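Since we're looking at a predicted model, the values are computed, not measured. Numbers restart at 1 for each chain; the letters A, B, ... are given by sequence-line order, proteins then strands.
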Amino acid sequence: MNPAGPGVDQTVWTRVDGRDFPVSNLQKLFWPEEGYSKAHLLQYYLAAGSTMVQYLARRPLTVVRYPDGIHGGSFFQKNCPENAPDWIATLKIPRAEPGESPIRYCLANERAAILWLANQGAIEFHPWPSRQGTLAFPDWAIFDLDPAEPATFQDAVQAAFWVRQALDILGLRGYPKTSGATGIHVYVPVYPELTYSQITRFVHAVARQIQAAFPDRITLERPVARRKGKVYIDYLQNAPGKTIAAPYTVRPLPGAPVSTPVTWQELARGLLPTQFNILTVPQRLQQGVDPFRPVLNEPQSLLPFRKLWQQE
DNA sequence: GCTTTAA
DNA sequence: TTAAAGCAACGCTCA
DNA sequence: TGAGCG
Ligand SMILES: [Mn+2]
Ligand SMILES: [Mn+2]
């Protein structure tokens with residue numbers, strides 16, 4: 001018996017950028033309260049995928065899958081599924097512990113790979129901050145700004161401007177995006193010339209300066225209970241093996257929000273993270289708006305700031 | 001969502 | 001024949 | 001040495 005009911009189709013074949021693959025259960029409700037189906041998810045990634053793929057290309061990818069929608073079970077997936085089509089590139093990476101089996105990551109080097117994974121129920125995409133060829137050297141540093149209750153998105157916005165100010169003093173540019181939840185991510189595009197631990201130390205050092213200047217608004221404390229009402233600068237998110245929600249990834253939250261790059265001007269004028277979702281972001285991209293393009297095209301060097309990243 | 005393993 | 005089970009994990013910090 | 005953290 002068809003679990004979706006009689007007369008409801010299960011699988012149709014589609015072609016994306018010359019790749020043929022089946023898509024299933026298009027009518028399944030992934031966001032039941034909003035009435036958004038799996039088809040809405042796939043349509044979103046079809047529209048955003050050609051932009052998003054630039055930020056995923058040649059990066060080992062972890063996905064978070066929700067095969068039965070946001071209220072169903074979920075799981076992280078690092079190893080590329082055995083049944084993935086052979087046109088999806090993969091990269092085998094040995095684990096830190098020798099003797100442990102390597103992980104064969106998917107690489108979303110083309111839009112169709114995003115769509116194939118989304119059909120598997122992948123809602124969230126989490127790429128490494130480094131790329132094939134320079135895997136040990138991230139090409140962006142991230143200031144992950146997490147407001148702790150009762151602090152809000154607006155507090156994260158304030159913190160983002162303090163990050164911008166601190167970077168400006170160093171002559172560096174950062175680019176903000178909404179996390180899709182209540183936080184903000186500020187990306188600093190860099191040449192792949194510092195290791196993960198050096199990047200982490202750099203972000204830590206800048207974060208300490210900000211925390212020292214605004215101690216009642218910013219915290220670097222790990223225990224969640226001690227962050228109350230402040231914005232946590234999660235510099236450790238730059239450590240090896242950690243990932244952050246990709247630019248333009250969907251989040252499994254009410255309203256189907258999208259982690260969306262914004263200009264500093266938009267951030268200053270005021271916005272709600274929920275205004276960027278799977279229905280609105282495609283229109284924004286259609287108008288050619290992608291404030292993150294410099295993250296791809298304008299790497300900066302952190303070599304002059306040795307004091308901020310070298311091992312003490 | 002799909003494959004593998006257990007009942 | 002159907003039903004589970006699996007599908008990640010790692011370095012840092014504080015107690 | 002172990003638990004919390006993301
Ligand atoms: Mn965050
Ligand atoms: Mn975080």
Does [X] place a side-chain N or O at less than 4.0 Å from the phosphate oxygens OP1/OP2 of [N]?
X	N	value
N25(A)	dG1(B)	yes
K28(A)	dG1(B)	yes
R226(A)	dC5(D)	no

Checklist entry - Going by heavy atoms in the side chains, are I123(A) and F30(A) under 4.5 Å from each other? => result yes
Next on the checklist: Are the side chains of L220(A) and Q211(A) in contact, using a 4.5 Å heavy-atom criterion?
Outcome noted: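 Yes, their side chains come closer than 4.5 Å.
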Checklist entry - Which sits closer to the 5' end of DNA chain C, E221(A) or N79(A), going by the nucleotide each is nearest to? => result N79(A)
Checklist entry - When the nearest nucleotide of DNA chain C is assigned to K78(A) and to P240(A) on a heavy-atom basis, which residue is associated with the more 5' position? => result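 It is K78(A) whose nearest nucleotide is closer to the 5' end.
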Checklist entry - Under 30°, 30 to 60°, or over 60°: which ring-plane class applies to W162(A) and F214(A), parallel, tilted or perpendicular? => result parallel
Distance between the [atom1] atoms of [N] and [M], in whole angstroms?
N	M	atom1	value
dG1(B)	dC10(C)	P	28 Å
dC2(B)	dA9(C)	C1'	23 Å
dC5(D)	dA8(C)	C1'	15 Å

Checklist entry - N119(A) near the nucleic acid: base, sugar-phosphate alone, or nothing, with a heavy-atom cut-off under 4.0 Å? => result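 N119(A): backbone/sugar contact only, no base atoms under 4.0 Å.
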Next on the checklist: Applying a 4.0 Å non-hydrogen cut-off, can you work out what F21(A) is touching in the nucleic acid: base, sugar-phosphate, or nothing?
Outcome noted: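 Nothing: the residue F21(A), judged by heavy atoms under 4.0 Å, touches no strand.
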Item to check | Salt-bridge present (R251(A), E124(A); N to O < 4.0 Å) | outcome: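 Judged by the 4.0 Å cut-off on N to carboxylate O distance, R251(A) and E124(A) do form a salt bridge.
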Specify the separation, in whole Å, of atom [atom1] of [X] and atom [atom2] of [N].
X	N	atom1	atom2	result
H126(A)	dG6(D)	NE2	C1'	11 Å
K38(A)	dG1(B)	NZ	C1'	7 Å
Q120(A)	dT3(B)	CD	C1'	11 Å
L236(A)	dC5(D)	CG	P	14 Å
Q10(A)	dG1(B)	CD	P	10 Å

Checklist entry - Does R227(A) count as lying over the ring of Y232(A), i.e. NZ or CZ under 6.0 Å from the six-ring centre, within 45 degrees of the axis? => result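 Yes, R227(A) and Y232(A) form such a contact.
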Checklist entry - Which residue, Y187(A), W128(A), F292(A), forms the ring-ring contact (aromatic ring centres under 6.0 Å, His included) with W140(A)? => result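 Single pass found, and it is Y187(A).
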Next on the checklist: Of all nucleotides in DNA chain C that come within under 4.0 Å of a heavy atom of chain A, which is furthest toward the 5' end and which toward the 3' end?
Outcome noted: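 Result: dC7(C) to dA15(C).
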Item to check | Side chain R131(A), main chain A57(A), donor-acceptor under 3.5 Å | outcome: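 The answer is yes, because a donor-acceptor pair under 3.5 Å joins these two groups.
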